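The chains referred to below are lettered A, B, ... by the order of the sequence lines, with proteins before strands, and numbering in each begins at 1. Keep in mind it's a predicted model, so treat the numbers as computed, not measured.
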There are 2 protein chains.
Amino acid sequence: MTPQRELIARTFFRNKGHVSAEDIYKQVQKRAPRIGFATTYRTMKLLSEAGVASLRSFGDGFSRYEPALRTDHHDHLICTQCGHIIEFEDDRIESLQKTVARKHGFRVTDHKLELYGICSHCRNTKK
Amino acid sequence: MTPQRELIARTFFRNKGHVSAEDIYKQVQKRAPRIGFATTYRTMKLLSEAGVASLRSFGDGFSRYEPALRTDHHDHLICTQCGHIIEFEDDRIESLQKTVARKHGFRVTDHKLELYGICSHCRNTKK
DNA sequence: CAGTTTAATGCAAATGATTATCAATGTCAA
DNA sequence: TTGACATTGATAATCATTTGCATTAAACTG
């Protein structure tokens, strides 16, 4: 554990998740401009391999990280208008997923559920 | 509609879906080696914009296309070992998704559910 | 401590998927 | 046929991410 890794990790956890490597890099830059993006990427990969961050790629060009410490499984509602992401959790969906997977002989290790749509805010302030 | 576009489209539909642009390019190459990948990418984008193909990006580096003609909504089970992808459909999950989204004030336009795990085949043939 | 091994940094260049550029070619209507 | 216009295909450009490598710093060793 080096100073730069510590700063990067702290910066990462300060966020609410869904952070891109570049986001983290920019934030880190403000505090320590000498840290290169290579180190940021490397550290995020380390955190990811250590199981403390998990990689998630939404449809846009680049990959995002979020803390993997939490025990709850959360999924995402993504507004296609303003890009806002909110998390949700639904045990009934979770258990149905397991059922479906079992039916197909799968042992599920992870899952990803994303609902794309228009959030209430955008719907109200639209045209 | 040009000959190369027709070939690319035909090739695309011959597949079962979840095809990457490069997959299509390679297949097209066998029949018409003079077609460049630029045309393949362009045509796939056209098909996608025309609503006849839909873009889907799983976690791996590149984007996949699948036919969008079907009326049913299907989701994916992805084996993290052999990469095999099978589709499934579950109305109960669908309706729960709508419920959850409504609760958060979202109007859902699309969704994506991916379950990652080990398929039965890989589980049986493993060490 | 001094010296040596080792790992981590940061810059720049490499990568890999995708997109844009552009000259050459094809299409088609007048 | 001629010109207007879209499409092609080869290549160069992009953009996020990786990697190579020389430099620096930390961690042992005696």
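Protein chain B touches strand DNA chain C; the 5'-most and 3'-most nucleotides with an atom under 4.0 angstrom of its non-hydrogen atoms are C:dA17 to C:dT21. First and last contacts of DNA chain D with chain B, using any nucleotide atom under 4.0 Å from a protein heavy atom and ordered 5' to 3', fall at D:dT7 to D:dT11.
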Output a table of donor-acceptor pairs, distance under 3.5 Å, between side-chain atoms of residues 25-36 of chain B and any protein atom two or more places apart or on a different chain; print 'none' if there are none.
unit_1	atom_1	unit_2	atom_2	d
B:Y25	OH	B:Q29	NE2	3.1
B:Q27	OE1	B:N15	ND2	3.0
B:Q27	NE2	B:N15	OD1	3.1
B:Q29	NE2	B:P33	O	3.4
B:Q29	NE2	B:I35	O	2.7

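In this view, B:S48 and B:Y65 satisfy the side chain to side chain contact (heavy atoms under 4.5 Å, CB included) rule, not counting sequence neighbours. Qualifying salt bridge (Lys or Arg N to Asp or Glu O under 4.0 Å) partners for B:R64, counting only residues two or more places apart in sequence or in other chains: B:D60. Residues meeting the side chain to side chain contact (heavy atoms under 4.5 Å, CB included) test with B:R42, sequence neighbours left out: B:A38, B:T39. Residues satisfying the side chain to side chain contact (heavy atoms under 4.5 Å, CB included) test with B:V108, not counting sequence neighbours, are A:L115, B:A101. Remark: A:Q4 pairs with no residue by the side chain to side chain donor-acceptor pair (under 3.5 Å) rule, at least two apart or across chains.
Interface residues of residues 22-33 of chain A facing DNA chain C, ordered by number: none; criterion, heavy-atom separation under 4.0 Å. Annotation: proximity of residues 4-12 of chain B to DNA chain D (heavy atom, distance under 4.0 Å) is found for B:Q4, B:R5, numbered in ascending order. Taking every heavy atom of residues 38-50 of chain B and every atom of DNA chain D, pairs under 4.0 Å involve B:A38, B:T39, B:R42, by number.
Evaluation of the side-chain hydrogen bond (donor to acceptor under 3.5 Å, both in side chains) test over residues 89-106 of chain B, restricted to residues two or more places apart or in two chains, returns B:D90-B:R92, B:E94-B:H111, B:Q97-B:H111.
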